[in-house]
Amino acid sequence: MQRKTDEPRNSYSLPRHSYEREKGLFPFKGKGGLLKYMDQMEEYAAHLEQAAHDFTQRHNTMLKQYGINLTPHTESKRGYRVPMVRWRNLQDRTMGMPQFDRVICQVRSEGERRMLYEIEVERCLLNNQAGTVNTTMRRLKTTLESLEHAEEMLKAGPGLRTV
């Protein structure tokens, strides 16, 4: 849908149906489209998972000298698919930003500090993508469950009592 540039955008001019909206905001029209989108997200999730592992392998050899490494960490109890990359102390196995903070404060060389900073920026951006995909996939699964429930209720016919 193309919007004229001279028209102000307000809630009254928004389209009423998802198929009238701009492409990308609602990329599916029904259950089939939802399933296709879920497949695309699964493919992207697999790509991000590999990217997280490649990222940690690329930097861990060098980070070992500081007593830390990067670890892909999946919160499977929450149903997350894509791991988040966490800082981990090699001695006591603690994880989180304090491990990064400790090391960057100890390093004196500006070049090393810059390198650690760039690793952290890349880690944050990778984790942002992972979080977005995990949240989107969780929401898509919930939507699919709702659609399947609605189908079951339609097939059950009238007179069925719900609790």
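Heavy-atom basis, side chains included; hydrogens, waters and symmetry copies ignored. Residue indices begin at 1 and follow the sequence shown.
Residue Ile68 holds its CD1 atom at 8.0 Å from CD1 of Ile119, rounded to the nearest 0.5 Å. A distance of 9.5 Å separates CZ of Arg86 from OG1 of Thr74, quoted to the nearest 0.5 Å. For the atom pair Phe55 CZ and Asn127 CG, the distance stands at 8.5 Å (nearest 0.5 Å). Taking NZ of Lys141 as the reference point, atom OG of Ser146 lies at 14.5 Å (rounded to 0.5 Å). Glu148 CD to Glu151 CD: the interatomic distance, rounded to the nearest 0.5 Å, is 6.5 Å. Atom NE2 of residue His59 and atom CG of residue Asp54 lie 10.5 Å apart, to the nearest 0.5 angstrom.
The closest donor-acceptor contact from the side chain of Asn60 to the backbone of Leu70 lies under 3.5 Å. Checked by atom type and distance alone, the side chain of Arg113 pairs as donor or acceptor with a backbone atom of Ile104 at under 3.5 Å. Proximity of a side-chain donor or acceptor of Thr142 to a complementary backbone N or O of Arg138 within less than 3.5 Å is detected. Distance alone, capped at 3.5 Å, places no donor-acceptor pair between the Asn89 side chain and the Gln99 backbone.
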Problem - Candidate pair Arg88 and Arg93, rule side chain to side chain contact (heavy atoms under 4.5 Å, CB included), full reasoning - result: CA-CA 6 Å; Arg88 175 170 263 172; Arg93 311 284 290 162; 3.2 Å; yes
Handout entry: Residue pair Lys155, Glu152: steps toward the salt bridge (charged side-chain N to carboxylate O under 4.0 Å, His left out) verdict
Key = CA-CA 5 Å; Lys155 289 176 185 175; Glu152 289 174 17; over 6 Å; no
Handout entry: Leu126 vs Glu122, side chain to side chain contact (heavy atoms under 4.5 Å, CB included): CA-CA, chis, key distance, verdict
Key = CA-CA 6 Å; Leu126 188 61; Glu122 190 176 352; 5.6 Å; no
Practice task
Start with the C-alpha gap between Val103 and Leu63, add the side-chain angles, then the distance that decides, and say whether side chain to side chain contact (heavy atoms under 4.5 Å, CB included) holds.
Solution key: CA-CA 10 Å; Val103 170; Leu63 291 171; over 6 Å; no
Exercise for the section: Decide side chain to side chain contact (heavy atoms under 4.5 Å, CB included) for Met115 and Met62; before the verdict, give the C-alpha distance in whole Å, the side-chain angles of both, and the deciding distance to 0.1 Å. Expected result: CA-CA 11 Å; Met115 178 196 57; Met62 183 274 306; 3.2 Å; yes
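Applying the ring pair (Phe, Tyr, Trp, His ring centres under 6.0 Å) test to every pair with at least one member in residues 112-141, sequence neighbours left out, gives no pairs at all.
Residues Val133 and Leu144 share a hydrophobic cluster, clusters being chains of Ile/Leu/Val/Met/Phe/Trp/Tyr side chains in contact below 4.5 Å. Under a hydrophobic clustering in which Ile, Leu, Val, Met, Phe, Trp and Tyr are joined whenever their side-chain heavy atoms come within less than 4.5 Å, directly or via other members, Leu116 and Met97 fall into the same cluster. Phe100 and Met95 fall into different hydrophobic clusters, where Ile, Leu, Val, Met, Phe, Trp and Tyr are joined by side-chain heavy atoms under 4.5 Å apart, directly or via other members.
Within a 6.0 Å sphere centred on NZ of Lys31, heavy atoms belonging to other residues, nucleotides or ligands number more than 12. Applying the 6.0 Å contact sphere to CD of Glu43 captures no more than 12 heavy atoms from other residues, nucleotides or ligands.
A donor-acceptor contact closer than 3.5 angstrom is absent between the side chains of Gln106 and Tyr66.
Between Ala45 and Arg81, the shortest heavy-atom contact is CB-CG, 3.7 Å. Across all non-hydrogen atoms, the minimal contact from Met84 to Ala130 is SD-CB, 3.7 Å.
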